[in-house]
Amino acid sequence: MGKKNKSSNVTRRTILKSTASALVAAPLLAGTPPAQNASAPRLRFFTPDEFAMVDELTEIIIPTDDHSPGARAAQVAAYIDAHLAEAFTDESRQQWRAGLQLIDTVARELSGKPFLQASAAQQLAVVTRIAQGERTPNQPAGAFFVQLKQQTIHVYYTSKIGIQQEMEYKGNVYLKEYVGESLP
Amino acid sequence: MFQSKTKASTAKKSLATKSKAPAVQSSAPVYDAVIIGSGAAGGTAAQVLVEAGLNVVMLEAGPLRKNMVDFSYHDPFPYEDPYRGSKSESPSDEMRKKYIFGPNAYAPWPNPDEPYTTPKDTPFEWMRARNVGGRTMFWGRFANRYNEADFKMRSRDGMGLDWPIEYKDIAPYYDKAEIFMGVCGAKENHPDLPDADNFLPPVALKCSDHLLWKAAEKIGIRAMRVRRAMLTKSYRPPGSSLFDKDIAQCHYCADCDSGCETHSFYNSAFRQVVPLMTKYPKRFTLIPNAMARVVTVNKKGLADGVAYIDKTTGQEREIKARTVLLGCGTLETTRLLLLSNIANSSGQIGKNFMEHLDLAAQAYLPDLSFADREAGDGIGGSHIIIPWFGYFRPNEKRDFVRGFQIEPSVRQRMRPDKNPKQMAGFGQDFKKEVRRWQGTRVSLACHGEMLPSPNKFVEIDNTTKDKWGIPVLKIHYKWDDNDLNMFKYARRSYEEIFAAAKAVDVRLPKNPDPAGHSIHEMGTAHMGSDPKTSVLNKFNQSWDVKNLFVLDAAAFSSGTHKNPTLMIMALSWRAAEYLLDEMKKKNL
Ligand SMILES: Cc1cc2nc3c(=O)[nH]c(=O)nc-3n(C[C@H](O)[C@H](O)[C@H](O)COP(=O)(O)OP(=O)(O)OC[C@H]3O[C@@H](n4cnc5c(N)ncnc54)[C@H](O)[C@@H]3O)c2cc1C
Ligand code: SF4
């Protein structure tokens with residue numbers, strides 16, 4: 001095992017800010033939910049039920065495990081909500097709405113209940129069913145699963161949890177010393 | 001000595017190209033030297049001449065960028081961008097778009113104001129910078145010395161050209177350039193890469209560096225710690241008057257591609273040009289946005305200045321100087337010489353064109369799966385290099401001459417190393433699978449020596465003009481059998497190294513990287529020992545126009561497989577000292 005690198009705990013970003021860099025901040029996604037409260041963000045596109053579904057679905061795709069928190073903790077659903085609210089065309093909004101209805105239909109088929117009222121095991125069965133469509137993305141269920149999964153991946157692996165905890169990325173900070181790594 | 005009262009009218013007559021620009025405006029002072037271009041070549045000569053007391057003016061076709069304001073240096077973490085990088089370009093890309101132009105993989109956008117042409121069937125990716133500092137703002141920082149044999153390869157295999165100088169002529173200037181820049185590394189006693197006496201400490205290795213090193217070792221290929229012009233401790237170049245305090249050491253962000261906010265790797269803008277402006281405001285003048293169009297010549301056939309376009313107004317202006325030094329980055333220097341129609345009694349300008357053979361491959365090392373992440377990014381690129389290993393295979397029969405060096409590239413990345421969007425499934429297994437590949441991706445690149453040939457040259461293309469009506473360059477670069485045979489051998493070497501490392505998902509290239517990819521253009525106004533067959537003497541001085549010097553890699557006799565910048569700086573330093581000497585002796 002190599003020694004841990006000494007990090008001064010200042011992120012590069014802090015340094016850039018403190019040196020008056022003119023990094024122009026992109027306009028904030030208005031209404032991006034405040035980080036603290038994942039369960040009740042100010043929704044901009046989804047209905048509360050739709051949001052709850054997306055929150056559940058993304059967590060099933062990238063769950064919390066013994067290594068790191070999953071999509072729910074990384075607030076993936078909230079990002080998708082804001083993203084869809086700002087989408088240029090209605091097409092993707094319609095696709096998501098229709099996709100979620102399709103999931104409810106599958107849930108009713110499998111459990112007799114809408115997705116949100118189904119048990120955890122039943123919800124997993126629903127996702128397992130539509131995930132079979134991953135190889136046939138020309139079918140509606142497959143297409144929606146691919147869309148859902150890709151967006152979950154994009155948002156999760158660009159989140160702080162995804163980068164710092166799941167990927168354990170240690171870079172892009174101000175290191176005083178580089179001690180290197182030893183072989184596993 | 002030159003008459004310092006040359007009239008603009010004399011100069012105008014000698015302009016090689018008629019311009020549509022308004023009448024030349026002459027400015028009064030006559031400088032000791034005008035240096036064109038502010039990259040490694042120009043920056044180094046400027047430093048030597050100004051410190052020695054000369055009055056120097058530097059023309060640079062790009063603007064002077066402000067540190068921390070015009071350079072982005074680092075992209076924020078994606079989660080700090082509300083759009084997670086999906087809507088806008090990254091700050092680094094935006095920055096690069098303004099200052100450097102391809103088209104190539106690094107800067108895919110061309111410079112619409114300043115085109116160039118190629119034959120249809122042989123594209124060439126010419127990457128140019130337009131800012132003070134030239135391409136040193138973004139360079140890879142490999143600082144490798146030529147060895148004794150590198151200077152005399154024609155004597156060994158009959159191909160290409162010998163240099164008119166030897167290792168011992170240039171070694172003291174390697175020292176000077178290395179000490180000035182600060183080069184990290186270690187003494188390795190490797191036959192391909194001579195050691196230096198003044199290395200800064202080498203960088204500790206990354207996991208993947210260890211693995212590639214061992215894998216190479218298994219098949220008899222020797223790796224070593226990388227030598228890069230970057231500061232592994234805070235540093236003030238001994239003997240230089242330019243710095244009042246230490247330059248910060250590297251903070252290991254690995255984002256050298258976007259430039260360095262602390263200038264911990266050498267770049268000529270903030271380590272030479274700006275300090276010169278600050279320290280020697282009376283003796284050193286920078287004129288940015290000044291595109292040299294033609295070197296002007298007096299009745300005696302000596303250079304007496306430069307006519308340039310002020311890009312901010314489009315007006316043509318003129319500078320008078322006793323000596324003219326070109327450091328426009330090889331091909332622009334060549335274009336300027338051809339347009340000026342000078343220094344070419346040998347007919348060699350534009351010929352002997354070389355760049356380096358490049359090929360890129362990628363693979364994953366399962367041995368690194370789930371490895372503890374102990375360090376951060378390190379420095380940009382790998383911390384090892386694999387110098388040419390032909391030296392250890394004296395009896396091997398190869399179907400090509402010369403050699404190459406392999407430059408691995410490994411680092412921690414914040415994005416998944418294997419694209420999760422291409423992995424099936426979901427849930428815990430899926431998440432773990434993505435994690436399994438993290439930190440396992442390695443890539444290999446190389447620089448190989450390509451020989452000059454009649455199929456590799458540049459010329460003026462009078463059918464195409466840049467924004468200011470100046471004819472552009474046409475670049476011809478066609479690979480020869482030697483290049484392609486070396487490519488196959490290098491690819492096989494990659495394959496063997498990857499196999500020894502038990503790599504999976506190995507992706508080897510079908511073809512070399514497109515011509516131009518190395519960003520190492522060399523040789524188009526080469527030095528030699530015979531005025532009939534070479535453009536420059538062994539001090540980078542034109543045989544024909546003795547107060548004209550070529551400072552950049554256009555002066556190279558051969559390209560070897562070594563990254564050129566250390567050599568450019570050493571030659572430029574030496575040329576500047578020679579110029580001072582000749583001035584003292586009243587020869588100039
Ligand atoms: C991504 C990248 C990685 C690299 N990696 C390495 C490496 O690891 N090791 C290495 O040794 N080399 C490397 N290089 C190459 C290195 O950058 C060049 O060798 C070096 O910058 C050449 O210095 P130069 O002064 O000759 O030219 P440049 O740095 O190109 O500077 C020339 C300057 O002249 C200006 N100019 C051009 N024409 C005119 C004109 N007509 N009038 C006025 N000004 C003009 C240009 O605007 C430019 O600023 C790399 C380059 C890049 C881009
Ligand atoms: S790795 Fe070091 S030299 Fe490279 S940009 Fe970061 S601080 Fe500068």
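Below, chain A is the first sequence line, B the second, and so on; all start at residue 1.
With chain B as the partner, the residue from A/E59, A/E168, A/Q164, A/K160 showing the most heavy-atom pairs under 4.5 Å is A/K160. The most heavy-atom pairs under 4.5 Å with chain B, out of A/T64, A/I163, A/T152, come from A/I163. Between chain A and the options B/C250, B/P416, B/A254, heavy-atom pairs under 4.5 Å are most frequent for B/P416.
There is a side-chain donor-acceptor pair under 3.5 Å between A/Y169 and B/D377. Judged by distance alone, the side chains of A/Q75 and B/Y79 never bring a donor and an acceptor atom under 3.5 Å apart. For A/E181 and B/Q412, the side-chain atoms include at least one donor-acceptor pair closer than 3.5 Å. At a cut-off of 3.5 Å, with distance as the only test, a side-chain donor of B/Y83 or A/E86 sits close to an acceptor on the other residue.
A/L124 has its side chain within reach of B/F426: a pair of non-hydrogen atoms, C-beta onward, lies under 4.5 Å apart. Between A/H67 and B/R435, the closest side-chain pair of non-hydrogen atoms falls below 4.5 Å. Proximity of B/R373 to A/M167: side-chain heavy atoms (C-beta onward) are nowhere separated by under 4.5 Å.
Within 6.0 Å of atom NZ in B/K233, 12 or fewer heavy atoms from other residues, nucleotides or ligands are found, so the atom counts as exposed in its surroundings. The number of heavy-atom neighbours closer than 6.0 Å to NZ of B/K432, taken from other residues, nucleotides and ligands shown, is 12 or below.
If you measure heavy-atom distances from B/T262 to chain A, the contacts under 4.5 Å come from the side chain alone. Interface remark: A/I153 contributes side-chain atoms only to the contact with chain B (heavy atom separation under 4.5 Å). Looking at A/S68, both its backbone and its side chain come within 4.5 Å of chain B, counting heavy atoms on both sides. For chain A, the nearby part of B/Q438 is the side chain; its heavy atoms alone come within less than 4.5 Å.
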Quiz item: Does the side chain to side chain contact (heavy atoms under 4.5 Å, CB included) test come out yes or no for B/H383 and A/Y178, once each step is laid out?
Solution: CA-CA 11 Å; B/H383 299 180; A/Y178 188 84; 3.6 Å; yes
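Note on A/D65 versus B/K431: salt bridge recorded, some NZ/NE/NH1/NH2 to OD/OE distance being below 4.0 Å.
Once rounded to the nearest 0.5 Å, the distance linking NZ of A/K176 with CD of B/Q249 reads 10.5 Å. The CD1 atom of A/I61 sits 8.5 Å away from the CZ atom of B/F430 when rounded to the nearest 0.5 Å.
A/R135 places no side-chain N or O within 3.5 Å of a backbone atom of B/A424 that could act as its donor or acceptor partner. Judged by distance alone, with hydrogens and angles left aside, the side-chain atoms of B/R84 form a donor-acceptor pair with the main-chain N or O of A/V155 at under 3.5 Å. A donor-acceptor pair under 3.5 Å links the side-chain atoms of A/E134 to the main chain of B/G425, judged by distance alone.
Interface residues of residues 140-150 of chain A toward chain B, defined by a heavy-atom distance below 4.5 Å and sorted by number: A/F145, A/K149, A/Q150. Within residues 94-120 of chain A, no residue has any heavy atom closer than 4.5 Å to a heavy atom of chain B. Annotation: residues 125-132 of chain A contacts chain B through A/V127, A/T128, A/A131 [non-hydrogen atoms, separation under 4.5 Å].
Using cut-offs of 30° and 60° on the angle between ring planes, the pair B/H251 and A/Y174 is parallel.
Applying the side chain to side chain donor-acceptor pair (under 3.5 Å) definition to pairs two or more places apart or across chains, those involving residues 205-215 of chain B are B/D209-B/S382.
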